[in-house]
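Take a look at the structure set out below.
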Amino acid sequence: MERTRTDRRRARASAPLLVLLCGLAAVPAGAQQEVGGRYRVLVPALEPRGGAKQDFGRDVAEHLRKQIAGLPTHAPVERREFQEALRKYGLKESDLDCVKSRQLAVQMGAELVMCGEYEPAGSGYQVSATLIGARSGDDYQVGNFAAASPEEAAQRIFHSFESFITQLQRTRYCVDYLGSQQWGNALENCNRALELNPNSVTALFGKAYALMQLDSLPQSLQLLKRVLELNPVHGEALKAAGFVASRLNQRDTAVAYLRQYLDLNPGSVEVRANLASDLMQRGDPAGALQLLEDGLKQDSTSTLLRVYAGHAALAAAQAAEQQQGGADGAGERSPEVTELYGKALRHYEAVYAASGAQTEVSVLRNLLLILVQLGRAQRAAELGAQMVAAKPQEGALWATYASALQAAGRLEEALAALDTALARDPNTPDIFTRRGLWLAQAGQLAQAREAFRKAVERQEKSSDEIATAIFGYGYTEKYRKGQPDEALDYFSLAREFATEPRTRAMTAFWSGFILYNRGVRVQQPQTCASAREALPLFQRALEFFQQSKPYTDTQPSLNLQAYLDGARRYIEIQEAVRKRGGC
């Protein structure tokens, strides 16, 4: 749909960065215009071929200039100004081919240029002409046609000129809609432009960009390939093709396109870093790492590339670990993940060695966390002490140092480091949550309870999130490792913080399950003593089972009714034993 001039002006004002990014057909900011806002068109003489007389080509150009002068939107470059430009750049009109004509048009601030050639054919001439967007490079092939006179040839070219202008207008509408993120309307207008010129590079790229935003990725990549066939050095198309291929999980293809893009920007560390950052944001940290390490082969001293490579390697390690389900119960992780963590560590260590106290805090923190991940907590604690000494006011760094100390088994020092982090920055996140978890892991549940209460007060985590974390530790580290009695204490603490029905029911079921199994063991002698000890266990287990339905309803493998029936039956047995024994 075509829009009013006011609409178009408004959209163009909102999208200057997108137009610059995409390189689509927009009026250059520095382009000179005639009075009234008409865009300028350079019309040099057609080139004679095959012994044709030069007068015909000059006359065609003159007639075409007169016809363009009658348009409300465009005006020809005046002949006198054209001649002055030729003298300025040491050219003759007969020297101009399509390439030189376009270059001259750019220098003169003209938006469009016509070029072409002719040769004798029968009683007239065979003419071939092309209309070109001087800055965008878009061209419109008038094609080969026969003309008996300059007037006839000029009229044929002018008719194509009008179609070309319509195509450019539709392409501009596409750009405007891209700028306002109206992808469907952009797609419609680019399609309308392509109806007039299927090989318009700008319209093809605009359509590909809109399809990329609409997640029609295979179609977008196909169009980008077509753009690159027409213009192999279209930088934005190379970059977009790299990103689309990345999202299609075609990593080698993506990196190949981005390497071609970088070939157009040789030695630009910033460009490479920005591309890698975009790749990471699009979910391909491994591709970003490959691109960055290519750059480090060319410039191994670049701190910027080292920082980004560390970030990319760390993100790739975390993504791979998550995809593989994390380290297994024995603390093992795949060689791929270990290697990625190792790469991240090496890059960060190189940055720290080169920059020392000037190293970004995010890099220092990541370095410590990776050392802990790789089981080198003591080294992390040693480095952390150096780092906080160099940057004593960084609360976040103190908090990470505390994590390293805790992992190294130095709990009291870790808690003190958390206190320092809080003093340096009261907004340091999760201070009391971490304190509570570390105390809980150390078996200091009373102190953990107080820390967790402060965490809830500070809104670090919801009460139910804390309950889930406590339960998870008790289940994984105590119950699963054959310490059910210790697990019961954690389930009890979790129950104090649980607010969601399912969480409360979960802690109830597993508490009941532990008590039930303890009762089964205790009651086996079936004596007065064993019955007295077992009866309250089964009674308490029954109470827990009766509270656990919101959880067991989500766990088909747990037959709650069987446990309810079993607890009741064991209660009856214990009562019978006591009655029989007179106890």
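A salt bridge links K343 to E293: one of the charged nitrogens lies within less than 4.0 Å of a carboxylate oxygen. Ion pairing of D430 with R434 is absent here, as no side-chain N (NZ or NE/NH1/NH2) approaches a carboxylate O to less than 4.0 Å. Of the charged side-chain nitrogens involved, none lies within less than 4.0 Å of a carboxylate oxygen, so that K454 and E457 do not count as a salt-bridged pair. A salt bridge is defined here as a Lys NZ or Arg NE, NH1 or NH2 lying under 4.0 Å from an Asp or Glu carboxylate O, and K239 with E236 meets this definition. Salt bridge annotation for E500-R502: absent, with no cationic side-chain nitrogen under 4.0 angstrom from a carboxylate oxygen. Look at R540 and E543 and you find a salt bridge, because one of the NZ, NE, NH1 or NH2 atoms lies within 4.0 Å of a carboxylate O, short of that distance.
Under a cut-off of 6.0 angstrom, the local environment of CD in Q358 is sparse, with at most 12 non-hydrogen atoms contributed by other residues, nucleotides or ligands.
If you look at Y473 and Y490, their ring centroids are closer than 6.0 Å.
Put simply, the side chain of Y348 gets close to the backbone of G310: a donor and an acceptor are under 3.5 Å apart. In this structure, the side chain of T552 does not engage the main chain of Q555 through any donor-acceptor pair within 3.5 Å.
Considering only residues two or more places apart in sequence or on other chains, R578 meets the salt bridge (Lys or Arg N to Asp or Glu O under 4.0 Å) condition with none of them. Taking D294 as the reference, R259 meet the side chain to side chain donor-acceptor pair (under 3.5 Å) condition, with sequence neighbours excluded. For D485, the salt bridge (Lys or Arg N to Asp or Glu O under 4.0 Å) partners are R518, not counting sequence neighbours. With sequence neighbours excluded, the residues forming a salt bridge (Lys or Arg N to Asp or Glu O under 4.0 Å) with E450 are R453, listed by chain and number. With sequence neighbours left out, A541 forms a side chain to side chain contact (heavy atoms under 4.5 Å, CB included) with L515, Y516, F545.
Between the side chains of S530 and T527, at least one donor N or O lies within less than 3.5 Å of an accepting N or O. With hydrogens and angles left out, the side-chain atoms of E533 and Q523 include no donor and acceptor closer than 3.5 Å. Q406 and E413 form no side-chain donor-acceptor contact under 3.5 Å, judged by distance and modelled atom types alone.
For residues 371-396, the side chain to side chain donor-acceptor pair (under 3.5 Å) pairs, not counting sequence neighbours, are R333-Q373.
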